[in-house]
Amino acid sequence: MRQKDDGYKINGSFKGKDIISLDQFSTKDLLLLFSHVSRMKDLAQKSKPSALLAGKIVTLIFYEPSSRTFGSFSSAIKRLGGQTVAILDPQHFSSVSKGETLEDTIRVFEAYSDAIVIRHPIAGTSKAAAEAAFFVPIINAGDGIGEHPTQALQDLYTIYKKCNRLDNLMGVMAGDILNGRTIHSLLRGLCLFKKNTIYLLSPKQLRLSRADFLRFLKQGIRLIEIESEKNIPKNAHFWYWTRVQKERFERLSDYEKVKNRFVVTKKLLENFGNTHLILMHPLPRVGEIHPEIDIDERAVYLRSQIRNGLYIRMALLALILGKLT
Amino acid sequence: MRQKDDGYKINGSFKGKDIISLDQFSTKDLLLLFSHVSRMKDLAQKSKPSALLAGKIVTLIFYEPSSRTFGSFSSAIKRLGGQTVAILDPQHFSSVSKGETLEDTIRVFEAYSDAIVIRHPIAGTSKAAAEAAFFVPIINAGDGIGEHPTQALQDLYTIYKKCNRLDNLMGVMAGDILNGRTIHSLLRGLCLFKKNTIYLLSPKQLRLSRADFLRFLKQGIRLIEIESEKNIPKNAHFWYWTRVQKERFERLSDYEKVKNRFVVTKKLLENFGNTHLILMHPLPRVGEIHPEIDIDERAVYLRSQIRNGLYIRMALLALILGKLT
Amino acid sequence: MRQKDDGYKINGSFKGKDIISLDQFSTKDLLLLFSHVSRMKDLAQKSKPSALLAGKIVTLIFYEPSSRTFGSFSSAIKRLGGQTVAILDPQHFSSVSKGETLEDTIRVFEAYSDAIVIRHPIAGTSKAAAEAAFFVPIINAGDGIGEHPTQALQDLYTIYKKCNRLDNLMGVMAGDILNGRTIHSLLRGLCLFKKNTIYLLSPKQLRLSRADFLRFLKQGIRLIEIESEKNIPKNAHFWYWTRVQKERFERLSDYEKVKNRFVVTKKLLENFGNTHLILMHPLPRVGEIHPEIDIDERAVYLRSQIRNGLYIRMALLALILGKLT
């Protein structure tokens, strides 16, 4: 309903903006967002409660379950003194079952809140929601094979925080490069910056599609496909490991063949890693990182990577709701 | 358990009262409630958070899903600085599945809260809950074919706010006049005031039952049944459109025959409406108002009508909990 | 992950401790906890809201439904000004369905919160969760046939509050002595104190197992098994009635035979009770206490017993989170 002539671009001003895609962000927008994250961390850890979002209500409409994203957004809002209204189950949408359109549903819930976070199994839904909303900003919390921008921001920030830059980086991504949404998003984000080189470690059948490969190359990132741990560069700044997604395989036997092809162990880190890299994973993991690694200080997946997701969401919400600039 | 000699009448004092039915309200009670709504609107829109219900906890027990009513009550409580405990799914009521009575369930939850909002599929349940409660007020959020008093109050207030009175009004109600709970409630509310005339526009098979028709007439309202848009009076103060309820029909073909019999379009409004009327709908709609109308300023169903529901619930809760008088 | 050399013992200091089992508490720990409960009651009933847990977020992860325990914990946290993140349905744990371990789930959610309350159908889960957590305390809200320590604390406190001691007591426990988890827990708690005598009233087939009987005797409690109300001692300090658990019987006919064997009625209280006892029940009840008793002031099951559960949880949370000492 709103005029959105600029294709949702942030352009230096977050206030009132919908957050649908990583494409809305310039490098400057990213760095502006990142500049607030440390303060959010301080607020989250301080014993004195923050009132930055006091009086603000954010509705979380989750058409599909995602306890992790739900928990992270809920906590982000509450850590800043805001409140949530949680609408969790599709089966609760009695109006939906009576034939109500997404547009009407969004317009009802915006009357009760200052922003809406939406999770939906179908790509494009969050954009449709943003177009329907009269008054309040919409935040995409994942729409199917579409985007999950706050997760991408969390990963980019985690690397930024460690390396203090997002250019001239050397990274390794491993696992399901073909289907992994988080890998695609992170590649897109890194394309915004210069001179990044990424080694893509996967079985042949889980490589990037040719079209994706060429698209990313064209955007200026250097991609090197490898099939063996032996080809991992010694001087990587980060390893980004992922789960092979069982649900993508038609035959279980095909999945079994590749699922544990690349597993991070103490030995692998010793042989092919270095002492200053960080080991990331979008979670859940199901065996591709051995639990013996969990207490290694390079393993950030169960610690700062998740926490950064909380702080990024705090900063983003505060910016959108006009409480940071 | 409490002495309720007065049949739950409000009689000018909301504090501690159960809200079960529109019958509890005199015209004076309605106007007292309405007198607080504007202030609630101010509180909801102010950037400074309200603490009117600070420290208050309201339990929302929803035995059936209703995301809209749940959202409205949740937001009303939180907009005033209160907290909620949400008990959403019947399947969560493990105690219920073990054979616990409604009475015991209510008495457990009242120990955790300052008021209980209850939604239940069976008419009369909220009254039974009110009779069981030892200490805290019970608010009916809809009990099956019974009542949904806060929705009726929202509709009455929306007309009141527009016309500054609830007597000497001319209205049109359309759609499923036979089964529409919201229409029956609104008629009951308008009967409390003098010299109201309502045109009832519906296919013959969806007219008021004879008994209902006579009962409302006896209560002093003037009812005129019409079957064509051509008979809509030009000087109506409000149009109240409703969905034909598919779930009431045994044969789909019978439903298909009448479902789109009366649709509000630009043309219909031009031909039979006037410039100062308001167009209301209890939602969800499934085609009986064309989306082209949504941006017409007379269309209040996705805007002030919903928001008024929020403000009415805020005022009602604050009155019941003794924070307004 | 944490060093837990002392087997989780409280040893006079609650701050940061996991609460897994009643075994962690010495008599001194219990009395320390109890010493704070009255203040919690005052805070809960005061109109001025408490900010004792302001800025604190507690995640409630309920792998199985328990609306009562969920409501009590939610209210306890909010009564003290804290916030909750509720993760209610196992089906929402999409990560779990993808094969995530409990350990990883716990480590994700601890990043969002200051403490985690966990409910799970399998005994031992809360201990596994406590061992997984890097940073925040875990509180057991019932794990299957394992423990439900806050419920046991609630029952112990209810007797303590009435009698001002937990030794030299005479009690009656009735119903399903064989399977009743709350009865076993209460017996364990009373074993911490001296010279308690408990009459166990049940049909023969629902008596304590021989092993349990001997274990409790060894711990210093006096147990007397009776089969008829006639053998109830006149000078009991408390009666603790329980439901015969239908779900434990293979044949319905076996259940029907014993389910209403012992029912508390006015007459039973007159004939075998005394004027100063308290009548307790862990709820839900399904007929074993006649509703005519509900307004008897000795009947605490729907009043102070439930409320004490709220106050005990408030005190426990405040102690664990370092806001009381």
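All values below were derived from every heavy atom in this structure, side-chain atoms included, with hydrogens, water molecules and symmetry-related copies excluded.
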> Measuring heavy-atom distances to chain C, does L283(A) have an atom under 4.5 Å in its side chain, in its backbone, in both, or in neither?
Replying inline: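 Side chain of L283(A) only, per the 4.5 Å heavy-atom cut-off to chain C.
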> Heavy-atom distance under 4.5 Å to chain C: side chain of K246(A), backbone, both or neither?
Replying inline: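 It is neither, since no heavy atom gets under 4.5 Å.
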>> Show the nearest heavy-atom pair for residues K78(A) and T84(C), with the distance to one decimal.
In response: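 Shortest heavy-atom separation between K78(A) and T84(C) comes out as NZ-O, 2.6 Å.
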>> Going by salt bridge (charged side-chain N to carboxylate O under 4.0 Å, His left out), name the pairs with one or both residues in residues 34-47 of chain C, residues two or more places apart or in two chains.
In response: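 Of all non-adjacent pairs touching residues 34-47 of chain C, none passes salt bridge (charged side-chain N to carboxylate O under 4.0 Å, His left out).
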Among [options], single out the residue with the greatest number of heavy-atom pairs under 4.5 Å to chain C.
options	result
S72(A), S74(A), G287(A), A44(A)	S72(A)
S75(A), S50(A), A86(A)	S75(A)
V286(A), L302(A), L43(A), L80(A)	L302(A)

Gap between atom [atom2] of [Y] and atom [atom1] of [X] - 0.5 Å precision:
X	Y	atom1	atom2	answer
E110(C)	R307(A)	CD	CZ	6.0 Å
I57(C)	L310(A)	CD1	CG	7.5 Å
E103(C)	D294(A)	CD	CG	9.5 Å
L88(C)	F70(A)	CG	CZ	8.5 Å
R68(A)	Y112(C)	CZ	OH	6.5 Å

For [X], is the [atom1] atom crowded, meaning more than 12 foreign heavy atoms sit under 6.0 Å from it?
X	atom1	result
Q45(A)	CD	yes
I145(C)	CD1	no
E297(A)	CD	no

>> Show, in sequence, the C-alpha distance, side-chain angles and deciding distance for Q83(C) and R79(A), and conclude whether the side chain to side chain contact (heavy atoms under 4.5 Å, CB included) test is met.
In response: CA-CA 9 Å; Q83(C) 296 268 27; R79(A) 281 279 183 231; over 6 Å; no
>> Between A111(C), G55(C), S113(C), who has the most heavy-atom pairs with chain A when the cutoff is under 4.5 Å?
In response: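 Most pairs with chain A among the choices: A111(C).
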>> Is A51(C) in contact with chain A via its backbone, its side chain, both, or neither, using a 4.5 Å heavy-atom distance?
In response: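 Nothing of A51(C), per the 4.5 Å heavy-atom cut-off to chain A.
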